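Structure record follows, encoded as structure tokens.
Since we're looking at a predicted model, the values are computed, not measured. Below, all heavy atoms of this structure are taken into account, side chains as well, without hydrogens, waters or symmetry copies.
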Amino acid sequence: MYERPDDPASMLIELVGSRLCHDLISPIGAVGNGLELLQMSDRCGNLDGNAEIGLIEDALHAARDKLSCFRVAFGAAGDGQQLSEGEIAGLLAHMSRIGRVRISSEFEGGQPRIVVKMLALALMCLETAMPWGGAVRIGLAGRVWHLTAEADRTDPDRALWAWLDGDCETPRQPVAAEVHFPLLRLAAIQAGRPVRWSIDDAGAEISF
């Protein structure tokens with residue numbers, strides 16, 4: 001795994017993420033526009049309450065939410081880039097809708113994009129630890145973010161969480177659905193923020 005955020009391979013990973021999200025958002029938007037036109041068309045009759053149209057709308061909204069999250073979590077975060085308080089709140093709303101966890105938060109003001117990237121990746125880590133669902137509380141004390149997760153049951157895979165420590169001897173190789181763990185480590189190096197974590201059978205915590 002790459003240990004420096006300026007490693008060419010690491011930079012390419014972020015650029016690929018940004019490119020994919022950028023190129024996919026336009027056709028998804030076109031599908032949404034086409035669906036609206038279809039619903040307004042007299043030739044199609046009254047589509048209100050149509051089950052098939054409802055399925056398409058649900059899938060479209062889920063795709064938009066996922067792309068919004070992936071663009072922040074997996075895309076490039078250049079120096080000096082900021083996200084407003086409203087943009088962060090919108091990101092958390094997207095993640096709450098597409099995930100299995102309920103997210104509540106208390107914070108004020110905008111944040112550097114790299115920090116919001118860490119927030120999105122940390123939420124993904126917590127969701128991985130709670131495959132049966134749960135709740136996450138997010139708080140900001142000074143410049144330190146605290147994420148506290150609670151669940152009836154967790155999957156405490158410490159060999160996977162060891163990626164957050166930067167110890168390349170003990171972590172196991174992640175699968176594609178777990179790539180956010182090493183990526184959070186890389187983002188932490190870029191931001192200059194150490195990640196602290198704990199996990200047990202009833203929940204987990206991440207702070208940075």
Side-chain angles (χ1 to χ4, degrees), residues 1-5 7 9-14 16-17 20-21 62-63 65-77 88 91-105 114-141 144-208:
M1 189 61 194
Y2 314 107
E3 281 299 310
R4 301 194 325 273
D7 184 286
S10 175
M11 295 170 64
L12 284 174
I13 290 171
E14 291 189 338
V16 168
L20 287 173
C21 292
D65 286 342
K66 286 187 177 182
L67 276 179
S68 297
C69 299
F70 290 171
R71 195 169 192 172
V72 174
F74 302 138
I88 301 170
L91 170 69
L92 298 179
H94 291 316
M95 297 195 74
S96 187
R97 284 195 294 268
I98 64 176
R100 298 179 295 272
V101 299
R102 302 182 306 277
I103 301 173
S104 59
S105 62
I114 182 61
V115 173
V116 184
K117 179 186 180 82
M118 291 183 65
L119 181 62
L121 291 168
L123 282 168
M124 291 179 180
C125 292
L126 292 173
E127 186 177 61
T128 297
M130 299 186 295
W132 302 280
V136 178
R137 298 191 311 274
I138 302 173
L140 178 61
V144 180
W145 289 89
H146 299 275
L147 294 84
T148 304
E150 297 179 350
D152 294 332
R153 180 184 175 193
T154 67
D155 181 15
D157 187 346
R158 290 179 176 80
L160 180 61
W161 282 71
W163 278 105
L164 304 186
D165 297 327
D167 183 350
C168 291
E169 294 182 1
T170 57
R172 68 166 173 80
Q173 185 69 25
V175 298
E178 301 164 338
V179 70
H180 35 275
F181 283 90
L183 290 180
L184 178 54
R185 168 64 181 170
L186 283 177
I189 296 171
Q190 182 180 348
R193 287 172 173 254
V195 176
R196 296 179 175 83
W197 63 273
S198 64
I199 186 169
D200 57 29
D201 293 335
E205 293 186 4
I206 297 177
S207 64
F208 54 85

Residues at least two apart in sequence or cross-chain that pass side chain to side chain donor-acceptor pair (under 3.5 Å) with Asp152, listed by chain then number, are none
What residues form a ring pair (Phe, Tyr, Trp, His ring centres under 6.0 Å) with Trp197, not counting sequence neighbours?
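Trp197 satisfies ring pair (Phe, Tyr, Trp, His ring centres under 6.0 Å) with Trp161 once adjacent residues are dropped.
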Indicate every side-chain donor-acceptor pair of residues 116-140 with a distance under 3.5 Å to a residue at least two apart or in another chain.
unit_1: Lys117; atom_1: NZ; unit_2: Ala73; atom_2: O; d: 3.0
unit_1: Lys117; atom_1: NZ; unit_2: Gly75; atom_2: O; d: 2.7
unit_1: Glu127; atom_1: OE2; unit_2: Arg100; atom_2: N; d: 2.8
unit_1: Thr128; atom_1: OG1; unit_2: Met124; atom_2: O; d: 3.0
unit_1: Thr128; atom_1: OG1; unit_2: His180; atom_2: NE2; d: 2.8
unit_1: Arg137; atom_1: NH1; unit_2: Glu150; atom_2: OE2; d: 3.2

To the nearest 0.5 angstrom, please state how far the [atom1] atom of [X] sits from the [atom2] atom of [Y].
X      : Y      : atom1 : atom2 : answer
Ser96  : Leu92  : OG    : CG    : 8.5 Å
Ile98  : Cys69  : CD1   : SG    : 4.0 Å
Leu20  : Leu67  : CG    : CG    : 9.5 Å
Gln190 : Arg185 : CD    : CZ    : 13.0 Å

*asked:* Taking atom CZ as the centre, does Arg97 end up with more than 12 heavy-atom neighbours from other residues, nucleotides or ligands that are less than 6.0 angstrom away?
replied: yes
According to salt bridge (Lys or Arg N to Asp or Glu O under 4.0 Å), who are the partners of [X], at least two apart in sequence or on a separate chain?
X      : answer
Glu205 : none
Asp157 : Arg172
Arg158 : none

Using the rule given for side chain to side chain contact (heavy atoms under 4.5 Å, CB included), can you reason through Arg153 versus Asp201, listing the C-alpha separation, both sets of side-chain angles and the distance that settles it, and then say yes or no? CA-CA 6 Å; Arg153 180 184 175 193; Asp201 293 335; over 6 Å; no
Would you please test Leu183 and Trp163 for side chain to side chain contact (heavy atoms under 4.5 Å, CB included) and show each step? CA-CA 9 Å; Leu183 290 180; Trp163 278 105; over 6 Å; no
message: If you define the side chain from C-beta out and look only at heavy atoms, does anything of Pro194 sit under 4.5 Å from Phe208?
response: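 Not touching, per the 4.5 Å side-chain cut-off.
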Counting C-beta onward and ignoring hydrogens, is there a side-chain heavy-atom pair between Pro156 and Asp200 closer than 4.5 Å?
no
